[in-house]
Amino acid sequence: MGFQRTHYCGELRADHVGQKVVVCGWVHRRRDHGGVIFIDLRDRAGLVQVVFDPEKVPAEIFSEAERLRNEYVIQVYGTVRHRLPGMANPNLQTGAIEIYADELKVLNSAKTPPFAIDSRDDVDEALRLKYRYLDLRRPEMHSTLELRHRTTKIIRDFLDSRGFWEIETPMLTRSTPEGARDFLVPSRVHPGEFYALPQSPQLFKQLLMMGGVDRYFQMARCFRDEDLRADRQPEFTQLDMEMAFVDREDVLNLIEDMMAFVFREIVGEEIKLPLRRMSYADAMARYGSDKPDTRFGLEIQDVSMIVKDTGFRVFSETVQNGGAVRGINVEGAGEKFARREIDELGELAVTYGSKGLLWLIVTDTGGRGGITKFFSDEELARLVSYMEAQPGDLLIFVADKPETCAEVLGRLRLFLGEKLNLIDEDLWDMLWVVDWPLFEYSEMEGRFMAAHHPFTAPLAEDLHLLSKDPQKVRAQAYDLVLNGTELGGGSIRIHRREIQEEMFAALGLTPAEAKERFGFFLDAFDYGTPPHGGIAFGFDRWIMLLAKKESIRDVMAFPKTASAQDLMTGAPSAAIGEQLRDLHVRLTPEAEKRLQDVALSQEVR
RNA sequence: GGAACCGUGGUGUAGUUGGUUAACACACCGGCCUGUCAAGCCGGAGAUCGCGGGUUCAAGUCCCGUCGGUUCCGCCA
C-alpha cells in the first residue's frame, strides 16, 4: 500500500487548499502555545507549517504532538487550508497555507543535534564534517546538491544531443609518470605490484577514439595525491570529453555552445558567443597569469624600454642583463594606502618570489616616496606618462626575470583587485586562453615538462622546432577561464606515433622508458589512429563558481579536510589484521610507531 | 615540507595591563501560555577554557611543545 506520501512539504501552495495530503519530513522548529502547536516540517523541498489544534485533533494525537522535538522524523496526514487573514508568512514559499493535522505518525525520534540545522551562524567546519549527514540537511546544502545534479543532467542532455556517448573507464589502472603523485592500490594477486587510481582518464579517452567511439564523455572521478587547497580535493570530478575528426575550432565551438546552454538553463545568464580568445603570451604579459581575471583593470605594463637608461641601477642593470621591469598603476592607492599597506605589498611580493617591490606615489610635481629620488624629473615624467598615471596613483614595480615579473605582479594584481573591491561579483567573465607553450622548463627537475600533458599536439607550424628549440613550440591547447579560475583545459592530441615519440624524447624519456611506460599506447598509434582532441573540466570547481561558494568542500557531499581526512568515517585508518599481509605490504618502523602513538592518545581520551 | 590565523558550556561568541564564583545569546530541561512563524514569559541544568609542559604567589590570558581546523607558499592542471 506504499508509504502514502502525496507531496513534498515545500511544494504545497494555495492551489492545494482543501486537499487531503500526506507529508513526511523532519521537525524543523516547533512553537508550542500551550494550546495550539505549530510545527515547521522540513523536507528537501522546503518548509510547511503544520497546525495541531486541540479542538480539532483527537486528544491522543495532540499529546503526541506535544512530545515532538527538533529533528524528529514524522508523517502527517492533514488538510491544506488557507492561513487565517493576516497570518500569511511571506518568508516561506508555502507561507499562504498550512496543514491542519488529522493524524501524526512519529517515524523516529532524534537526539538534540550537535549543531542547529537552522543555525544562522557559521558552525565550525570540523563539526559539520564529522556530522555531515546533519550538515547536509541544511537547505543551503540541498540547494547546492540540487544545482550540481541539474548541471550534470543538463550537460548529459546536451552532449547526448550532440552524439556523445558516456563511457566509464577503469579506476584501477596503471601509474603514469608526469603530473601529480599517484594513489596506489597494492595488488593481492601480484605481490609487489600496484594499481594506480587515475589522475584523469586521459589515455583511455584517446584509446576510445582509436576504438572508433568518435565522441566520448564521462563524469570521471579523478585522484591526485597532492596537498589540498580550498579548491582542491584528493578525489574530484572531471567532466571529461574527447572527439575524433575535429580540429581546435570544432572543439571550441562545441564547448561554447555547451557553456551557453548550461548558463542559460542553470543561472539564467546569456553568455555572449563567440567567447574572447587571448594568447597565453598576452595573458602572461598583461595579467601575469595563465587564467587572467579580466573583470577588473590594473593591467601589468612593461616599462623596460622606458627605464633601461635611467640612473636607477636596479632598473637599468636588470634590463641590460636580459631581465624586465614591469609595473602596475594602482590607481588612487597612493592616497588611499598607508605606508604599512605598501610594505605589506612588498612582503607579499617577496613570498611570491621577487627580491622586493619598488614603488612610488605620483604627485602634482612628480613623485614622492619609495624610489622617486633615483629619477630625474624628466625620467619620472616619462614613466608617469607612459603608465598613464595621475596624481594620487601608486606605481609598483618588479625588476626581475620576465617570468618572475609576470608571476609576482599577477598575484599582486589579484590581491589588489580584491583589496580595492574592483571585482564585480555579478559578472560571468569567460574567455579562452590559447596558443600555450608545449613545454615549461622545470628548474627543480632540470628538464622540460609538458605544460598540459605529453599527448598535446604542437601547432603544425611549430612542428619543426620540436627537437631543435622545444621552448618555442606552441601547443594546440586551450583553457577555458571563468572569473580568473581555470574551468577546464584541453588540446588537440598527437595522433601519429613518430610525433608522440619525439614528444617523449623532448621530455627526457629514453625510447626504452617510453616503451616501458607507454608501449601499449604507442603501439595503438600503429593501427590507424584518427585525429582527435578534447577537453576536461574541473567539475567541482565549476559548480563552486555557479553556486558562489568559497570552497569546493561546499559542493561535495562528503569532502575531506585540508589534511585529506574524512572526519565522519575516520578515513584514512590503519589496516586491520591480515589485510597488509594479504597485500604483501609491510609498514616502516616510523609508521608503526606513529600508529601506536595515535592509538595511545585515543585511549587516553 | 614551510608560514599565518583559529580552538572558552551542545552551538556561536565575550573575557581588559595575568587577580575572587568564567559572561552573553541561541539550543536543551521544567513550568505558564490557543495564531505563532528566529513565538513569548518565568525558572533550571550545563565548562577538566583542545591536550601536555613551563613562567608566576596567581594562567582562559604569558612562553614552549603537541593535536585538530582553515587559509596561503611549495606541490598540483
Side-chain angles (χ1 to χ4, degrees), chain A residues 28-41 47-56 62 69-71 83-92 94-95 98 111-131 134 178-182 199-200 202 222-234 236 238 290-291 347-348 350-353 407 411 414-415 433 436 440 442 444-445 449-453 456 477 479-480 485-491 535-538 541 550-551 553 560-563 565 567 597-598 601-602 604-605:
Chain A
H28 191 62
R29 269 190 285 263
R30 79 195 156 91
R31 290 176 294 279
D32 182 346
H33 285 245
V36 67
I37 296 171
F38 300 99
I39 296 291
D40 285 343
L41 191 61
L47 296 177
V48 69
Q49 174 163 285
V50 179
V51 187
F52 292 91
D53 187 328
E55 287 164 15
K56 290 178 181 136
F62 188 80
R69 292 294 180 272
N70 283 350
E71 300 309 310
R83 294 213 183 172
L84 300 178
M87 295 297 166
N89 183 349
N91 299 321
L92 280 185
T94 60
E98 59 197 0
K111 295 208 289 188
T112 302
F115 55 87
I117 306 306
D118 65 341
S119 176
R120 299 170 292 281
D121 303 311
D122 284 341
V123 177
D124 178 54
E125 193 170 357
L127 199 67
R128 289 175 54 202
L129 289 176
K130 180 173 178 190
Y131 297 96
L134 296 180
E178 293 277 327
R181 213 172 284 124
D182 285 315
Q199 294 183 25
S200 79
Q202 183 62 34
C222 305
F223 305 86
R224 289 176 190 163
D225 189 6
E226 296 292 347
D227 288 339
L228 277 54
R229 288 286 187 281
D231 61 353
R232 254 160 45 188
Q233 284 271 305
F236 60 99
Q238 280 189 349
D290 56 16
K291 40 181 191 290
E347 285 164 27
L348 274 175
V350 171
T351 67
Y352 295 150
E407 165 93 13
R411 290 182 184 226
L414 290 179
F415 174 83
V433 174
W436 285 68
E440 275 167 356
S442 164
M444 230 171 50
E445 306 228 354
M449 313 261 284
H452 264 84
H453 52 60
T456 302
D479 269 15
L480 186 63
T485 301
E486 180 204 326
L487 275 190
S491 61
I535 193 165
F537 295 90
R541 206 176 281 179
E550 299 285 316
S551 161
R553 294 184 300 276
K560 295 181 177 58
T561 66
S563 61
Q565 284 181 300
L567 294 180
D597 291 348
V598 169
S601 73
Q602 273 166 359
V604 170
R605 231 174 280 160

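To find a chain, count down the sequence lines: A is the first, B the second, and so on, and within it residues start at 1.
Checked for salt-bridge contact, R232(A) and D227(A) miss the test: no charged N lies under 4.0 Å from a carboxylate O.
Among the heavy atoms of the strands lying under 4.0 Å from D122(A) are primed sugar atoms or P, OP1, OP2 only; no base atom is included. Among the atoms of the strands shown, none is found under 4.0 Å from any heavy atom of Q202(A). Among the protein residues, D290(A) comes within range of the nucleic acid bases, having at least one heavy atom under 4.0 Å from a base atom. Heavy atoms of D118(A) sit nowhere under 4.0 angstrom from any nucleic acid atom. S563(A) comes within contact range of the sugar-phosphate backbone alone, with a heavy-atom separation under 4.0 Å but no base atom that close. L127(A) comes within contact range of the sugar-phosphate backbone alone, with a heavy-atom separation under 4.0 Å but no base atom that close. Note on T561(A): only backbone sugar-phosphate atoms sit closer than 4.0 angstrom, heavy atoms only; bases stay farther off. Among the heavy atoms of the strands lying under 4.0 Å from A230(A) are primed sugar atoms or P, OP1, OP2 only; no base atom is included. E125(A) comes within 4.0 angstrom of sugar-phosphate atoms only, judged by non-hydrogen atoms across all strands, and of no base. Residue R128(A) is classed as having no contact, given no heavy-atom separation below 4.0 Å to the nucleic acid. Heavy atoms of E440(A) sit under 4.0 angstrom from at least one base atom. Residue D479(A) is classed as having no contact, given no heavy-atom separation below 4.0 Å to the nucleic acid. Within 4.0 Å (heavy atoms only), L47(A) reaches no atom of the nucleic acid at all.
Atom NE2 of H33(A) is separated from atom C1' of G31(B) by 16 Å (rounded to the nearest Å). Between F38(A) atom CZ and C37(B) atom C1' the separation is 8 Å, expressed in whole Å. If you measure from atom NZ of K130(A) to atom P of G7(B), you get 20 Å, rounded to the nearest angstrom. Straight-line distance from the NZ atom of K111(A) to the C1' atom of U11(B): 16 Å, rounded to whole Å. The distance from atom CH2 of W436(A) to atom C1' of A77(B) is 8 Å, rounded to the nearest whole Å. In this structure, the CG atom of D40(A) is 11 Å from the C1' atom of A39(B), given to the nearest Å. The distance from atom NZ of K291(A) to atom P of C76(B) is 13 Å, rounded to the nearest whole Å. Distance, R232(A) CZ to U71(B) P: 11 Å, rounded to whole Å.
With values rounded to the nearest 0.5 angstrom, Q199(A) atom CD is found 10.0 Å from Q238(A) atom CD. For the atom pair NE2 (H452(A)) and CG (D479(A)), the distance works out to 4.0 Å, reported to the nearest 0.5 Å. Once rounded to the nearest 0.5 Å, the distance linking CD of Q233(A) with CG of L228(A) reads 5.5 Å. Atoms CD and CG, on E486(A) and D231(A) in that order, are 10.0 Å from each other to the nearest 0.5 Å. In this structure, CG in N70(A) is found 7.0 Å from CG in D118(A), a value given to the nearest 0.5 Å. Atom-to-atom distance recorded for M87(A):CE and E98(A):CD is 9.5 Å, nearest 0.5 angstrom.
Judged by distance alone, with hydrogens and angles left aside, the side-chain atoms of S119(A) form a donor-acceptor pair with the main-chain N or O of D121(A) at under 3.5 Å. Counting only distance, with no hydrogens or angles, the side chain of E407(A) and the backbone of Y352(A) share no donor-acceptor pair below 3.5 Å. Although no hydrogens or angles enter the test, the distance criterion places a donor-acceptor pair under 3.5 Å between the side chain of E226(A) and the main chain of R181(A).
Considering only the side chain of A562(A), U70(B) comes nearest among G35(B), G12(B), U70(B). For E226(A), taking side-chain heavy atoms from C-beta onward, the closest of the listed nucleotides C75(B), U70(B), G35(B) is C75(B). For L129(A), taking side-chain heavy atoms from C-beta onward, the closest of the listed nucleotides A77(B), U70(B), C37(B) is U70(B). Across C28(B), G10(B), A77(B), the shortest atom-to-atom separation from the side chain of P114(A) is found for G10(B). Set against G35(B), G69(B), U11(B), the side chain of V36(A) has G35(B) as its closest nucleotide. If you check U34(B), G35(B), G69(B) against the side chain of E55(A), the one that comes closest is U34(B).
Straight-line distance between the C1' atoms of C37(B) and C62(B): roughly 49 Å, to the nearest whole Å. Across G68(B) and C75(B), the matching C1' atoms stand 23 Å from one another, rounded to whole Å. Separating the P atom of U20(B) from that of G30(B) is a span of 36 Å, rounded to the nearest Å. Comparing the C1' positions of U70(B) and A58(B) gives an interatomic distance of 34 Å, to the nearest angstrom. Taking atom C1' on both U34(B) and C41(B), the two are 16 Å apart, rounded to the nearest angstrom. For the P atoms, the distance linking U61(B) with U17(B) amounts to 14 Å, nearest Å. The C1' atoms of A14(B) and C6(B) are separated by 16 Å, rounded to the nearest whole Å. For the C1' atom pair drawn from C57(B) and A45(B), the interatomic distance equals 35 Å after rounding to whole Å.
Looking at D227(A), its side chain comes within 3.5 Å of the base of G74(B) through a donor and an acceptor atom. Counting distance only, with no hydrogens placed and no angle test, the side-chain atoms of R229(A) and the base atoms of G74(B) include a donor-acceptor pair under 3.5 Å. In this model, a side-chain donor or acceptor of R83(A) finds a partner on the base of C37(B) within 3.5 Å.
Taking for each of Q565(A) and P113(A) the nucleotide of RNA chain B with the nearest heavy atom, the 5'-most of the two is the partner of P113(A). Residues E550(A) and A451(A) both approach RNA chain B. Their nearest nucleotides, taken by heavy-atom distance, put E550(A) toward the 5′ side.
Ring-to-base geometry does not place H453(A) in a stacked arrangement with A77(B) (centre distance under 5.5 Å, plane angle under 30° required). Stacking of F115(A) onto the six-membered ring of U11(B) is not present when judged by under 5.5 angstrom between centres and under 30° between planes.
Side-chain nitrogen and oxygen atoms of N91(A) include none within less than 4.0 Å of the OP1 or OP2 phosphate oxygen of C37(B). Listed pair R29(A) / A39(B) meets the phosphate criterion, a side-chain N or O lying under 4.0 Å from OP1 or OP2. Between R30(A) and A39(B) there is no side-chain polar atom (N or O) within less than 4.0 angstrom of OP1 or OP2. In this structure, R31(A) reaches the A39(B) phosphate: one of its side-chain N or O atoms is under 4.0 Å from OP1 or OP2. Between R553(A) and U71(B) there is a side-chain N or O to OP1 or OP2 distance below 4.0 Å. For T351(A) and A3(B), the shortest distance from a side-chain N or O to OP1 or OP2 is not below 4.0 Å.
Pair assignment for C62(B): G54(B), on the basis of Watson-Crick or G-U wobble contacts that are both within less than 3.5 Å. Using N1 to N3 plus N6-O4 or O6-N4 for Watson-Crick, or N1-O2 and O6-N3 for G-U wobble, each under 3.5 Å, A3(B) pairs with U71(B).
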